[in-house]
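Take a look at the structure below.
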Amino acid sequence: MSKDANKFKFGNLHLKNAEEVSNYTKTFIEQAEYNITQCIPDKIFLLEKLDKEEFKCYKDIASIEVDIELSQEAIDFSRKNQNNDEAPSNPAVKKRKLDNGEDNDSKIPSVPCNKKLIKLIDLLKPEIKDLITTCEKLKTWIQLLIPKIEDGNNFGVSIQEEVLNEVHRIEADSINYLDGISRYFITRGKIVSKVAKYPYLDDYKRAIKEVDEKEYLTLLFSVNDIKSHYLLILDLVSKNYEKIKKPRSQSNIDSMY
């Protein structure tokens, strides 16, 4: 390692490529602050527009429903491959070749998803991903600004930790949105399989509509929650920005907003 390389330090360490790491850290902090001041406000209004034009375009909850009408082929296929309410007797249906070489699987009747909800889910998932990414960047930004541990004058550090905890909570909530979407498809799929096996029971058909209505409301609330999360992050950071940037000052009597 050259003498010039040794003159740069990262914190208290003579680190390999310390200058590059320091420059990267500085750039990361600048990008995070740009994200706060420019990107988050844009996200709030984008989500507001998305909510009005896509998620609230239906007249009422019932308009999101779809009728499940299974063909006799689908019912026959279900009965052939299931022998109880819990699972198919042969869950991994073996592929059988037809005379023309095609798979019998291609002839299995398909039961479609609720296309209206699929459209909303496909719109919401990128927004969930963006919020999680934003939270990750904000957490790293705050952690990089936390000063070294010292006795006294730590009020600003406690503010940084409070903001950090709030951002972490928002990130955890965002991950739960994705879990909820997965649970919806699993739940709906199980009920549809019941309809295929017991087509004469209207309760199962009604259950599908209830699950769809619940998912629609969940998506509607989620897009508003994401918008609110951005607004809360912006409000919390803006009110405590000076203490986040410079947690230690000459005075220890400042109070958190």
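Throughout, residue positions are numbered sequentially from 1 according to the sequence presented.
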Answer yes if I181 and I118 sit in the same cluster of Ile, Leu, Val, Met, Phe, Trp and Tyr residues linked by side chain heavy atoms under 4.5 Å apart, and no otherwise. yes

Given V223 and L123, is the side-chain contact (heavy atoms from CB on, under 4.5 Å) satisfied, shown in steps? CA-CA 10 Å; V223 72; L123 288 171; over 6 Å; no

Over all heavy atoms of both residues, which pair between P247 and V157 is shortest? Give the atoms and the distance, please. CB-N, 3.7 Å

Give, for atom CD of E161 and atom CD1 of I159, the distance between the pair rounded to the nearest 0.5 Å. 10.5 Å

Determine, for E65 against K116, whether the closest basic-nitrogen to carboxylate-oxygen distance falls under 4.0 angstrom. no

Is there any salt bridge (Lys or Arg N to Asp or Glu O under 4.0 Å) pair reaching into residues 23-38, and which pairs are they, with sequence neighbours excluded? E33-K245

Gap separating the NZ atom of K43 from the CG atom of D130, nearest 0.5 angstrom: 3.5 Å

If the test is side-chain contact (heavy atoms from CB on, under 4.5 Å), which one of I226, I44, L47 qualifies with L231? I44

Could you tell me how the ring of Y24 sits relative to the ring of F28: parallel (under 30°), tilted (30 to 60°) or perpendicular (over 60°)? tilted

Report the distance from atom CD of E166 to atom NE2 of H229, rounding to the nearest 0.5 Å. 8.5 Å

Donor-acceptor under 3.5 Å (Q160 side chain, L145 main chain): yes

Using atom types as modelled and distance alone, determine if a side-chain donor or acceptor of N114 lies under 3.5 Å from a backbone N or O of I64. yes

Donor-acceptor pair, N35 side chain versus Q31 backbone, under 3.5 Å? no

CG-OG1 distance between L138 and T133, expressed to the nearest 0.5 angstrom: 11.0 Å

Rounded to the nearest 0.5 Å, what separation is found between the CD1 atom of I132 and the OG atom of S174? 5.5 Å

Other residues, nucleotides and ligands only: do more than 12 of their heavy atoms fall within 6.0 Å of OH on Y58? yes

Could you please spell out the steps behind the side-chain contact (heavy atoms from CB on, under 4.5 Å) verdict for L46 and E127? CA-CA 10 Å; L46 183 149; E127 299 303 329; 3.7 Å; yes

Any Lys/Arg nitrogen of R169 or D173 sitting under 4.0 Å from an Asp/Glu carboxylate oxygen of the other? yes

Which heavy atom of I121 sits nearest a heavy atom of F185, and at what distance? CD1-CZ, 3.7 Å

Output for pair (F55 CZ, L219 CG), nearest 0.5 Å, gives 6.0 Å

Do V163 and L144 belong to the same hydrophobic cluster, where Ile, Leu, Val, Met, Phe, Trp and Tyr are linked whenever their side-chain heavy atoms lie under 4.5 Å apart, directly or via other members? yes

L164 versus Q143, closest heavy-atom pair with distance: CD2-CG, 3.9 Å

Using the salt bridge (Lys or Arg N to Asp or Glu O under 4.0 Å) definition, which of the options K137, K129, K139 pairs with E171? K139

Short N-O contact, E210 and R206, less than 4.0 angstrom: yes

Ignoring hydrogens and angles, tell me if any N or O in the side chain of N23 forms a donor-acceptor pair with the backbone of E19 under 3.5 Å. yes

Of the non-hydrogen atoms in I36 and P41, which two are nearest, and what is the gap between them? O-CD, 3.3 Å

Do S222 and L124 pass the side-chain contact (heavy atoms from CB on, under 4.5 Å) test, and can you show the C-alpha distance, the side-chain angles, and the key distance before you say yes or no? CA-CA 8 Å; S222 295; L124 184 65; 3.9 Å; yes

Kindly say whether K243 contributes a backbone atom to a donor-acceptor pair with the side chain of N240 at under 3.5 angstrom? no

Evaluation steps, side-chain contact (heavy atoms from CB on, under 4.5 Å), between I170 and Y230: CA-CA 9 Å; I170 290 173; Y230 278 122; over 6 Å; no

Determine whether I61 and V66 fall in the same hydrophobic cluster, where Ile, Leu, Val, Met, Phe, Trp and Tyr are linked whenever their side-chain heavy atoms lie under 4.5 Å apart. no

What residues, two or more places apart in sequence or in another chain, satisfy side chain to side chain donor-acceptor pair (under 3.5 Å) together with K227? E48, N224

Please confirm whether the backbone N or O of Y184 pairs with a side-chain atom of E215, one donor and one acceptor, at under 3.5 Å? no

